[in-house]
K.L.:
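Pasting a structure below so you can have a look.
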Amino acid sequence: MSYLNELNDSQRLAAENINGPTMIIAGAGSGKTRVLTYRIAHMIEQGVDPFNILSLTFTNKAAKEMTERISHLIGGGEAKNITMGTFHSVFSRILRYNADRLGYPSNFTIYDTQDTKSLLKDIIKEQNLDDKIYKPSMVYARISAAKNNLISADAYAQNKDIIAEDNSSKRPELARIYKLYTTRCFKAGAMDFDDLLFQTNVLLRDFPDVLNYYQQKFRYILVDEYQDTNYAQYLIVKKLAAVYENICVVGDDAQSIYSFRGANIQNILNFRKDYPEFKLFKLEQNYRSTKNIVEAANSVIANNKDQIKKSVWTENTEGQKIKVVRTLTDNEEGKVVANKIFDLCHGQASIFKDIAILYRTNKQSRSFEEALRKINIPYKIFGGLSFYQRKEIKDLLAYFRLSTNPNDEEALKRVINYPKRGIGKTSMEHVVICANQHGTSMWEVISNPQQYSLPVSPATRTKFYEFATMIQSFNALNNQLNAFDLGNQIAKSSGILKELYNEKDKGVEEVERYQNVEELLAGMKEFSASKEEDNSLADFMMDVALLTDADLTGEEDTNYVSLMTIHSSKGLEYPHVYLVGLEENLFPSQMAINTRSELEEERRLFYVALTRAKETCTISYANSRFVFGSLTTSEPSRFIDEIDQKYLDFENISRGPGRSLNQMNSNYERPFTGGLNTRLNTKPNLRSINELPKSNSGQNTSLSFMVGDNVEHDRFGKGKITKLEGVDADKKATIFFPHHGIKVVILRFANLKKLD
DNA sequence: ATCAAGGCTTTTTTT
DNA sequence: AAGCCTTGAT
């Protein structure tokens, strides 16, 4: 095949080996995605039916992109027939299809982390256990770990080692909580994230015909990011591949960063054992980064003991050294990085999309967000509080959930008294007790209060009745209306829309909330219009719980600086990377410095971060930052020391006469005028792109500037325009600043003030 | 049942 | 700093 010529020798060999067990160890930036894509295209060219291909990716976005690339390679619509997606999304669909086997409704709800914790909290309270000892997050972690290792609630209770562990940690009731949690989920017709894998295993274990069906269907299986699969995932793959053994796993042990989620490097070793005749391919040539970056990253990862031998190298140019920047505070770090980005982008706005700011924890995003906003650089925050986790969105989604699955307890609790309808805590406590006594769901009790002799006043019963009737009416419309029409109706008649509308004049955040709901409805409209069938509310809700911001469609303007955690940057690459917060106790995290394996994972994380960069990488740290409201001093991260110093370029910007800290601050704290920039501190939303101040390009400012005008710039101070070029949004000005020399700025971003 | 105020805890990363 | 929970007044 001609396109195979676009691969190097080792890549091509890996791509052509489509039969039998195959393992590809792919170093960072070695063209792994390319190999996978070409491999699948090649398979189809060789006559493999796309229906027989299962390709498991790490994100849904990766799946989408890969499908597109394959379509591009082979033409036609065949690529659509490949089953491609994350473990969670692929198997949630399979579970829905076979739900009856397991006693679940096919429209089962997927509980997200919040739902799970809230349910656990209730259970702990109902059992009169001390929630200081049984912290929901801790209990969740324990249950999650059990499920990922395929230990059921019953098996948990019978496992001597586990029980001994729990006893010695003074948490003997964990087994009982696990069991209660499982039954509550089951009654609510809900699965949590871990159940999607756990129950798939149950399905394949207990129903040989189902197993056989999928073994026949998925004759060719590919698993990306294999180093980050856990035991439950490993076993699913193993079972499905057991007949044909056309299984290809791709991974890099040096990039294993999800052990907190049960990911197990052992899976790579298991693979060798399960398929002794497997073929191994190593991709070691890096096409992504400069020599400096590749070698710096190699020098860091060499500190890890646990690793598979491999040597990543590149033919790319040497490139710049990695800059190391020290700042005094976290806020200053934000300003300095924003500043550097500003300098880097001068004269070429298109470069924003080439830049990423990566951090260890989500909350670090704030200082960068504020600083970028202040100097008008467009940005987008990925992860953190996603669109779907916002309160107003979850509220509306809770009505949707109830309308497809009224047994969904978490959804019920969320909205039974929102908007207020006089159903308070005490009434709900009675409902819970009653439901538990009769072994039924809360919904059953609410819709038949007399049958379960619910001890509440007739007035409250009426309120329950009204609520239940409303939900039932929504439920009945499920087969008649499409997602948008029903969603819209629910938003209206539930009172949510009115509630939010009434609060709109309270402030900016309230307006935003209303807009978010509008946005969700707009998305549903698009969804409903995009297809003829399968466009009901239930269809829409099917994998909403599995969506992340990265999966959102309809990106109008993609030229922004990306902000995200290192974890979510996995698989991505940027010409310019700013790696921030390189401080002890932050990165490596304080939570992960107690054992060698924890620390090694942090180091791998650092390795992942460095290898995202193609051309330049800048590392920064602050001497002090706010931690839980109080100023904490911090030491530079040990990881900086671990990089061979010959790849580093230390820069100290908080000192030096020309540009003192005070001066910088005074520049930044000048009040800004116009548009969105007067509003600081807004939380990111679906369109958290810091919208460009169109007013600047459209009207007054940019159009009215002339050569010779005296202007003032937020950072460079006063200057004179010597040249104007470009049109509209791309209009640039060359300006002479007495203190900074000649600069080219884009008027749209520059926020220039005209001086008389 | 609702609301405001004040106290307390929070300590990673994600499907 | 921010979110969550308890408390006490209405």
Side-chain angles (χ1 to χ4, degrees), chain A residues 56-61 85-92 110-118 121 125 131-132 135-138 140-141 144 147-148 191-198 225 228-230 232-233 256-263 330-331 358-364 366-367 382-386 388-389 391 417-429 456-457 459-460 463 543-551 564-570 581 585-594 598 601-602 604-606 608-609 625-632 681 683:
Chain A
L56 295 162
T57 57
F58 201 69
T59 63
N60 289 309
K61 196 176 162 215
T86 61
F87 273 90
H88 292 266
S89 69
V90 166
F91 294 111
S92 74
I110 297 173
Y111 276 176
D112 67 12
T113 310
Q114 234 181 80
D115 298 320
T116 297
K117 283 188 185 165
S118 146
K121 201 176 196 173
K125 196 179 281 172
D131 64 357
K132 295 281 185 299
K135 286 188 192 158
S137 49
M138 179 268 153
Y140 182 30
S144 178
K147 282 190 188 166
N148 283 328
M191 295 200 196
D192 65 18
F193 287 136
D194 303 314
D195 280 327
L196 296 177
L197 305 175
F198 183 91
E225 308 284 7
D228 282 325
T229 53
N230 59 35
Q233 292 167 320
S256 161
I257 54 175
Y258 279 94
S259 72
F260 69 92
R261 200 164 94 183
D330 45 356
N331 283 331
L358 306 181
Y359 35 76
R360 177 69 236 269
T361 66
N362 280 302
K363 59 181 156 197
Q364 286 168 257
R366 224 186 56 178
S367 61
F382 293 85
L385 187 64
S386 90
Y388 296 101
Q389 291 170 331
K391 183 190 174 309
N417 200 28
Y418 177 80
K420 296 258 174 303
R421 29 178 96 79
I423 300 174
K425 218 173 66 183
T426 24
S427 303
M428 287 313 286
E429 270 165 19
V456 294
S457 69
T460 308
K463 288 172 190 161
D543 41 27
V544 159
L546 301 175
L547 292 179
T548 62
D549 281 357
D551 302 316
M564 66 185 83
T565 62
I566 301 166
H567 280 92
S568 34
S569 77
K570 175 155 146 160
N585 296 329
L586 182 58
F587 192 18
S589 163
Q590 192 177 12
M591 313 302 296
I593 46 178
N594 296 319
E598 280 175 347
E601 175 144 325
E602 294 285 300
R604 290 193 294 269
L605 191 58
F606 184 58
V608 168
R625 69 173 61 235
F626 280 93
V627 181
F628 298 126
S630 55
L631 199 63
T632 318
N681 238 343
K683 295 198 192 96

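Below, chains carry the letters A, B, ... as their sequence lines are ordered, and counting in each starts from 1.
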K.L.:
Strictly under 4.0 angstrom, non-hydrogen atoms only: write out the protein contact profile of nucleotides 7-15 of chain B, one letter per nucleotide from the 5' end, B, S or -.
P.N.:
---BBBBBB
K.L.:
For B/dT13 and C/dC4, measure between their C1' atoms and round to the nearest Å.
P.N.:
23 Å
K.L.:
Considering only the C1' atoms, how many Å lie between C/dC5 and B/dT12, rounded to the nearest integer?
P.N.:
24 Å
K.L.:
Pick base, sugar-phosphate or nothing for A/G424, based on heavy-atom distances below 4.0 Å to the nucleic acid.
P.N.:
sugar-phosphate
K.L.:
Can you tell me how far P of C/dG3 sits from CD of A/Q114, to the nearest Å?
P.N.:
12 Å
K.L.:
Using the C1' atoms only, state how far C/dT6 lies from B/dT11, rounded to an integer number of Å.
P.N.:
23 Å
K.L.:
Given B/dA1, is OP1 or OP2 found less than 4.0 Å from the side-chain N or O atoms of A/R421?
P.N.:
no
K.L.:
Between C/dC4 atom C1' and A/K425 atom NZ, what is the distance in whole Å?
P.N.:
13 Å
K.L.:
Among A/D194, A/N230, A/D195, which residue satisfies the side-chain hydrogen bond (donor to acceptor under 3.5 Å, both in side chains) criterion with A/K147?
P.N.:
A/D195
K.L.:
Going by the rule side-chain hydrogen bond (donor to acceptor under 3.5 Å, both in side chains), which residues pair with A/S589 if we only count those two or more places apart in sequence or in a different chain?
P.N.:
none
K.L.:
Any donor-acceptor pair under 3.5 Å linking the side-chain atoms of A/D543 with those of A/S89?
P.N.:
no
K.L.:
If the threshold is 4.0 Å, N to carboxylate O, is there a salt bridge linking A/D131 and A/K125?
P.N.:
no
K.L.:
So, A/T116 versus A/T113: side-chain donor-acceptor pair below 3.5 Å or not?
P.N.:
no
K.L.:
Can you list the residues that meet the side chain to side chain contact (heavy atoms under 4.5 Å, CB included) rule with A/R625, with sequence neighbours excluded?
P.N.:
A/D330, A/E333, A/Q364, A/E583, A/L586, A/A622, A/V627
